[in-house]
Structures are given as structure tokens and as C-alpha cells.
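Here is the structure we will look at.
This chain uses plain numbering: 1 for the first residue, then up along the sequence.
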Amino acid sequence: MKKLLEANIALVALTVILFSYLVSFISTDVVVSDKIYQKYLDEKYDTKYNEYKELDIDLSEFEEELKQFETPAENSSYGWDTFYIDSLFILVPLLLVVLGFSSVFLVLILFHKKLHAIKYVHILKISLLSYLIFEIPRITSAIYFLVFKKEYELKDIHNFESYFSLDKIFDKKQVSPWFWEIVSETGFVYFLFPLLVALFLHYNYKNFKTSLIIGYSFLAYFIVFVLYNTLFWYLFDLI
């Protein structure tokens with residue numbers, strides 16, 4: 001761990017980003033192959049088409065548009081548009097969590113008479129490394145579907161990954177819509193992040209109590225979690 005803390009922060013960040021890109025590519029382009037996704041589109045097309053047929057609507061003028069759902073995309077290669085979308089889904093959460101958490105953590109420990117001795121660069125590096133904990137559901141899903149379950153559909157992947165989500169312990173009908181949106185997007189591994197950061201910091205700063213560092217770490221993470229699920233999404237909706 002000491003060698004990692006002494007490593008160049010740009011190198012640590014690049015390693016984490018490249019690993020996240022690799023996991024994303026395997027999840028979205030290997031596990032969810034063109035064949036799997038096309039089958040999902042075909043089923044979606046059949047469902048919508050049958051619904052419109054039951055309404056007794058003349059679909060002749062929409063035949064060209066409907067054919068787009070019947071035929072697979074000619075170019076399924078990994079292009080710049082896909083790279084741009086992947087970058088948004090990878091870099092935006094990473095920057096928000098890592099920079100937000102490390103900054104809030106630094107502000108909090110500045111008010112402690114001893115914890116302010118912890119270096120910000122160490123918090124930043126450990127936060128970057130700990131961020132990889134968020135990739136556990138996708139890594140587990142990739143291993144399961146590529147190694148153990150060869151025949152599957154898109155809904156099987158979604159069902160498997162949902163086991164890592166907090167919505168498994170709540171009833172959608174008994175909670176508020178805003179609360180359900182949060183828990184449905186929040187996984188159990190999310191709460192391992194501040195714990196992992198605290199344990200890594202304690203390993204390097206052994207003169208501080210573990211419970212003290214864990215408490216500050218979870219407090220910083222809770223503040224970022226609340227801001228992320230309120231202010232960030234509010235600003236995002238305004239764009």
C-alpha cells in the first residue's frame with residue numbers, strides 16, 4: 001500500500017480509468033453481444049407492433065420506421081459515438097465520487113486537531129483505487145454469463161445485476177417514488193467504498209483510531225451521496 005501511495009497520481013488515475021473502460025467494454029459489447037441485443041429489440045418490436053394492431057390502426061405509413069426494428073444495424077463496430085457515451089458513463093461518476101468525496105473528507109478532517117495531518121494526495125489516490133469496488137457487480141455478471149451461463153437474454157443480465165441493488169429489501173408500493181429511484185440505483189457495494197478508504201488510510205496512518213477514520217469517511221461519503229442524488233440530478237434535469 002505504501003508503494004501505491006508513493007506512485008504518481010496521474011498513473012494511478014490512468015490505471016483506474018483504463019480498467020473501468022475494460023470492464024465497461026466487456027459488459028456492454030461482449031456480455032451484451034449484438035445477437036443478445038438484437039433479440040431484445042425484436043421482442044420489443046413484436047410487443048409494440050401487436051399492441052398497435054389490437055388498436056386497429058393503419059400502420060402502412062409507418063412501415064419504413066418499423067422495419068428499422070426488424071433489421072439489425074449494419075455497422076455494429078465500436079465507433080466514436082459509443083466511445084463518447086462510454087466516457088460519460090465512466091468519467092462523470094468517477095470524477096464526482098472521487099473528487100467530491102476526497103474534497104469533503106479533507107474539509108471535515110481540517111476541523112480535527114490531529115486528522116488534518118492526513119495528506120490530501122493520499123486521500124485522492126486511495127479514493128481512486130477504492131472506486132474500483134463499484135465495478136464488482138459488472139465483473140461478477142461478466143464472469144457468470146461468459147463462463148457459467150452460456151445461454152441468456154438481456155433480461156437475465158438485468159435480473160442478475162439487480163441482486164446487487166438495495167431495491168431487493170424494499171417494496172416499491174410501500175415507499176415514495178423519489179426514494180425508490182435512489183435505492184433502485186444504489187448497490188450494496190456502494191457502502192463498501194468509504195469503508196475501504198478508511199481501512200487503507202488506517203493502514204498508512206496507524207496512530208489514528210480505526211473507528212475515527214471510518215466515521216469521518218462515512219460522513220464525507222454520506223454528504224456526497226445526498227448531494228449526488230439531489231443537487232446533481234436537479235442540475236442535470238435543467239440542461
Side-chain angles (χ1 to χ4, degrees), residues 1-24 89-140 161 163-170 179 181-233 235:
M1 177 55 65
K2 289 185 178 181
K3 290 184 179 180
L4 288 173
L5 294 179
E6 293 173 358
N8 187 287
I9 190 169
L11 181 60
V12 175
L14 181 62
T15 302
V16 172
I17 291 172
L18 290 177
F19 184 81
S20 298
Y21 267 107
L22 177 62
V23 174
S24 176
F89 279 99
I90 292 171
L91 297 179
V92 172
L94 187 148
L95 291 175
L96 286 173
V97 173
V98 172
L99 293 180
F101 170 81
S102 57
S103 299
V104 173
F105 192 95
L106 176 66
V107 172
L108 291 176
I109 63 176
L110 285 177
F111 293 95
H112 193 276
K113 59 182 180 181
K114 293 183 178 180
L115 286 181
H116 64 266
I118 298 177
K119 296 180 179 180
Y120 176 68
V121 67
H122 288 170
I123 301 173
L124 199 55
K125 289 178 183 178
I126 289 175
S127 299
L128 280 167
L129 293 171
S130 300
Y131 184 83
L132 295 177
I133 199 74
F134 293 114
E135 302 292 354
I136 285 181
R138 291 201 294 182
I139 293 174
T140 307
E161 293 181 350
Y163 286 107
F164 294 91
S165 177
L166 288 179
D167 59 10
K168 288 294 181 181
I169 61 176
F170 293 96
F179 182 77
E181 288 185 12
I182 294 175
V183 298
S184 62
E185 297 294 330
T186 304
F188 292 102
V189 295
Y190 283 38
F191 299 99
L192 296 178
F193 173 79
L195 178 62
L196 200 59
V197 171
L199 293 177
F200 283 154
L201 282 173
H202 177 69
Y203 181 84
N204 193 63
Y205 296 91
K206 291 184 169 51
N207 52 324
F208 299 131
K209 291 183 178 179
T210 308
S211 57
L212 181 63
I213 300 179
I214 290 176
Y216 272 90
S217 183
F218 269 93
L219 178 59
Y221 185 72
F222 176 75
I223 294 173
V224 173
F225 183 83
V226 171
L227 290 176
Y228 180 82
N229 285 284
T230 53
L231 180 61
F232 171 74
W233 286 112
L235 295 174

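Of all heavy-atom pairs between Ser217 and Val197, the closest is OG-CB, 4.1 Å. Across all their heavy atoms, Lys209 and His202 have their closest contact at C-ND1, 4.3 Å. Between Ile90 and Ser20, the shortest heavy-atom distance links the atoms CG2-CB, 3.7 Å.
Considering only heavy atoms from C-beta on, Glu135 stays 4.5 Å or farther from Ser24 through its side chain. Counting heavy atoms from C-beta on, the side chains of Leu94 and Leu99 never come closer than 4.5 Å. Between Phe105 and Leu201 the shortest side-chain heavy-atom distance falls below 4.5 Å. For the pair Ile136 and Thr140, the minimum side-chain heavy-atom distance is below 4.5 Å. Side-chain contact check for Ile139 versus Phe19: some heavy-atom pair is nearer than 4.5 Å.
Around CZ of Phe89, the count of heavy atoms belonging to other residues, nucleotides or ligands within 6.0 Å does not exceed 12.
Not counting sequence neighbours, the partners of Ser165 by the side chain to side chain donor-acceptor pair (under 3.5 Å) test are Asp167. By the side chain to side chain donor-acceptor pair (under 3.5 Å) test, Thr15 is found to be paired with no residue, residues two or more places apart in sequence or in another chain being considered. Scored by the side-chain contact (heavy atoms from CB on, under 4.5 Å) test, Ile9 finds Val121, Leu124, Lys125, Leu128 as partners (sequence neighbours excluded).
Between Phe208 and Tyr205, the ring planes lie parallel to each other; the angle is under 30°, not in the 30° to 60° tilted range. Using bins of under 30°, 30° to 60° and over 60° for the plane-to-plane angle, the ring pair Phe193/Tyr221 lands in the tilted bin. Taking the six-membered ring where the residue is Trp, Tyr216 and His112 present perpendicular rings, their angle passing 60° and hence far from 30°.
Ring pair Tyr131/Phe134: centre-to-centre distance below 6.0 Å.
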